[in-house]
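Structure first, then comments.
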Amino acid sequence: MIDQSERLAIIALVLILIGLPIAIFGYQYGLRPALAGVRTIDIIAAAPEDGGFQPDAIEVQKGETVRLRFSVPDVTHGVAIAGLGVDLGHIDPGQVKEVEVTFDQPGKVTFYCNAWCSPNHWRMRGTITIIDPADPDAHRRIEAAPDPVIESLIEREMDIDAPHDAAISPNEPVSAAEGGPLVENYRADLPVDFFDPLWLQRQSPAEAFSVLKETLPNLTDAQRWNIIAHLWTDSLAESELTWAQTEYIKNCAACHGETGNGDGPAAAAINAQLATTAMNNDKVASFAPASPTMGATTEIYYAKLRRGGMGTSMPGFGDIFDTEETWRLAHYIWRLTFAPAKPSPQ
Ligand code: HEC
Ligand SMILES: [Cu+2]
């Protein structure tokens with residue numbers, strides 16, 4: 001005979017056996033999506049030699065909200081999504097970080113690692129293609145849009161990759177700070193071009209120096225360089241400068257060095273390749289105020305940044321920084337050249 005208490009126990013057991021799966025099922029397929037309404041995409045973030053991002057090509061629909069969940073199997077990485085202002089910071093092995101993003105515009109965005117994780121670190125990138133079902137070609141049209149600055153360089157037959165050594169460069173320390181008052185004093189005598197941002201971005205410091213030599217014959221060479229240093233470093237607002245500094249440290253310093261001398265921790269290996277291969281020009285650029293820098297222009301820097309080197313280790317950043325951000329970084333390089341930040345007091 002089954003007594004009363006046994007019967008209750010059986011009912012309870014049956015309820016648990018049926019109820020638990022229903023509860024789990026209900027949560028998984030009913031309650032959870034209803035609460036969240038988002039698709040979760042799991043992404044493994046590994047160094048390129050361990051497979052890189054997996055998956056590294058994701059498609060979403062315009063207007064869709066997805067939860068991107070990054071896990072890390074190997075070494076610490078940093079995950080950021082270009083153009084969306086998303087930076088998850090460092091993710092350590094075993095750690096998981098996620099972010100929910102709604103994609104409103106058709107196109108392509110790049111997610112990338114911004115922590116130096118391996119010698120191939122800068123290859124660690126993935127893409128999210130946002131497709132508009134009402135206009136299935138929209139994302140391709142946006143992607144194929146040419147960069148007007150690079151187009152203009154090509155039109156003027158300017159080679160982004162050609163060496164640009166200068167005939168003249170400063171032979172004593174240059175001071176942007178001392179250049180400021182000089183620009184004020186000689187404002188009326190300086191050519192109007194010197195106050196035209198487009199002219200400035202297309203001139204090299206060496207070219208501007210030659211112009212100054214003619215227009216202001218009474219100045220010393222040091223004073224001329226100081227004027228140039230001031231004009232070439234004057235374009236970034238404080239907040240833009242802070243942004244550029246941060247991004248430079250995360251994305252560039254491993255190769256170009258924290259102060260821009262071309263001596264970052266990854267530079268030695270890249271430069272050593274020079275000796276073994278005939279790769280042209282594949283030496284990490286230094287931004288010190290010497291000949292090659294004095295012959296460079298902000299516009300060439302911009303183009304190199306967007307497109308990357310041709311068969312060199314210089315990565316292209318066109319998928320990561322928008323045009324405005326790229327200009328900011330290009331201008332920031334002149335800060336490294338002419339107005340390096342003083343080491344912060346300990
Ligand atoms: C993996 C190493 C590496 C990283 C990371 C890197 N660069 Fe470079 N960069 C190079 C090498 C090598 C060259 C020289 C070859 C060339 O110009 O293609 C170079 C050249 C350049 C030039 C051209 C210099 C000139 O005189 O024309 C600019 C500008 C530049 N880098 C800026 C940057 C900035 C800004 C970043 C970060 C957003 C960056 N680079 C990240 C390796 C790197
Ligand atoms: Cu990484």
Side-chain angles (χ1 to χ4, degrees), residues 44-53 70 72-80 82 88 90-93 111-126 153 158-166 204-205 243-258 260 262-274 279-321 325-337:
I44 296 169
E49 54 273 26
D50 299 331
F53 284 112
F70 294 90
V72 164
D74 53 355
V75 295
T76 299
H77 296 281
V79 174
L88 295 175
H90 283 177
I91 312 180
D92 296 322
F111 53 98
Y112 63 104
C113 176
N114 63 9
W116 191 264
C117 56
S118 99
N120 295 310
H121 149 79
W122 54 272
R123 295 181 197 276
M124 198 174 153
R125 295 180 178 181
L153 279 164
M158 312 259 310
D159 183 351
I160 301 170
D161 304 293
H164 42 67
D165 290 318
S204 71
W243 178 91
Q245 236 159 1
T246 311
E247 295 301 323
Y248 178 87
I249 293 296
K250 283 188 197 170
N251 296 284
C252 325
C255 290
H256 289 285
E258 257 179 64
D263 56 357
I270 292 172
N271 293 345
Q273 280 214 315
L274 236 199
M279 202 105 100
N280 64 331
N281 214 9
D282 195 14
K283 191 172 175 0
V284 174
S286 161
F287 304 124
S291 153
T293 316
M294 293 304 107
T297 65
T298 314
E299 155 184 83
I300 289 281
Y301 283 173
Y302 169 97
K304 177 75 76 158
L305 262 163
R306 275 196 82 70
R307 194 213 58 188
M310 278 295 200
T312 75
S313 305
M314 171 61 193
F317 286 93
D319 294 335
I320 288 182
F321 299 117
E325 292 170 335
T326 308
W327 280 120
R328 243 181 262 164
L329 282 167
H331 282 289
Y332 176 69
I333 292 172
W334 295 112
R335 284 275 180 154
L336 296 171
T337 302

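Whatever order the structure lists ligands and atoms in, that order sets their numbers, starting from 1.
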### Query
Where's the contact between Met314 and ligand 1, heavy-atom distance under 4.0 Å: side chain, backbone, both or neither?
both
### Task
Check each of Val284, Asn120, Asn251 against atom 11 (C) of ligand 1 and report the one with the nearest heavy atom.
Val284
### Proximal atoms of ligand 1 relative to Gly309 (non-hydrogen, under 4.0 Å)
18 (O)
### side-chain contact (heavy atoms from CB on, under 4.5 Å), paired with Ile300, selected from Asp159, Leu153, Asp161
Leu153
### Task
May I ask whether Ala266 has any heavy atom positioned less than 4.0 angstrom from an atom of ligand 1?
no
### Task
Apply the test side-chain contact (heavy atoms from CB on, under 4.5 Å) to residues Met294 and His164: give CA-CA distance (whole Å), side-chain angles for both, the deciding distance (0.1 Å), then the verdict.
CA-CA 8 Å; Met294 293 304 107; His164 42 67; over 6 Å; no
### Query
Where's the contact between His256 and ligand 1, heavy-atom distance under 4.0 Å: side chain, backbone, both or neither?
side chain
## Note on the structure
Numbered in order shown, the ligand 1 atoms found under 4.0 Å of a heavy atom of Phe317 are 36 (C), 37 (C), 38 (C), 39 (C), 41 (C)
### Query
Charged N to carboxylate O below 4.0 Å: is that the case for Arg306 and Asp319?
no
## Note on the structure
Contact region, Asp161 to ligand 1, non-hydrogen atoms below 4.0 Å, reads neither
### Message
Would Arg125 and Phe317 count as a cation-pi pair here, with the cationic atom under 6.0 angstrom from the ring centre and within 45° of the axis?
### Response
yes
### Message
Within the 4.0 Å heavy-atom shell around Ile333, which atoms of ligand 1 are there?
### Response
29 (C), 32 (C)
### Summary
Short version for Ala296: what comes under 4.0 Å of ligand 1, heavy atoms counted, is neither
### Task
Give yes or no for whether the N/O distance cutoff of 3.5 Å, strictly under, is met between Thr312 and ligand 1.
yes
### Query
Yes or no on ring-ring contact (aromatic ring centres under 6.0 Å, His included) for Phe321 and Trp243, after CA distance, side-chain angles and deciding distance?
CA-CA 12 Å; Phe321 299 117; Trp243 178 91; 5.7 Å; yes
### Query
Heavy atom under 4.0 Å from ligand 1: found in His164's side chain, backbone, both, or neither?
side chain
### Summary
Of Asn271, Thr298, Leu305, Leu336, the residue with the heavy atom nearest atom 35 (C) of ligand 1 is Leu305
### Query
So is there a nitrogen or oxygen of Lys304 less than 3.5 Å from a nitrogen or oxygen in ligand 1?
yes
### Task
Between Ala162, Cys252, Pro292, flag the one that comes closest to atom 34 (C) of ligand 1 by a heavy atom.
Cys252
### Message
When you measure from the Cu ion (ligand 2) to the N, O or S atoms of Cys117, does any of those distances fall below 2.8 Å?
### Response
yes
#### Entry: Within reach of ligand 1, part of Ile270 (heavy-atom separation under 4.0 Å)
side chain
### Task
Take the Cu ion (ligand 2) as the vertex and measure to SG of Cys113 and ND1 of His77; round to 10°.
120°
### Query
Under 4.0 Å from ligand 1, counting heavy atoms only, is it the side chain of Phe287, its backbone, both or neither?
side chain
### Task
Give a yes/no verdict on whether any heavy atom in Lys283 is under 4.0 Å from an atom of ligand 1.
yes
### Query
side-chain contact (heavy atoms from CB on, under 4.5 Å) between Tyr248 and Leu336: does it pass, once the steps are laid out?
CA-CA 10 Å; Tyr248 178 87; Leu336 296 171; 3.5 Å; yes
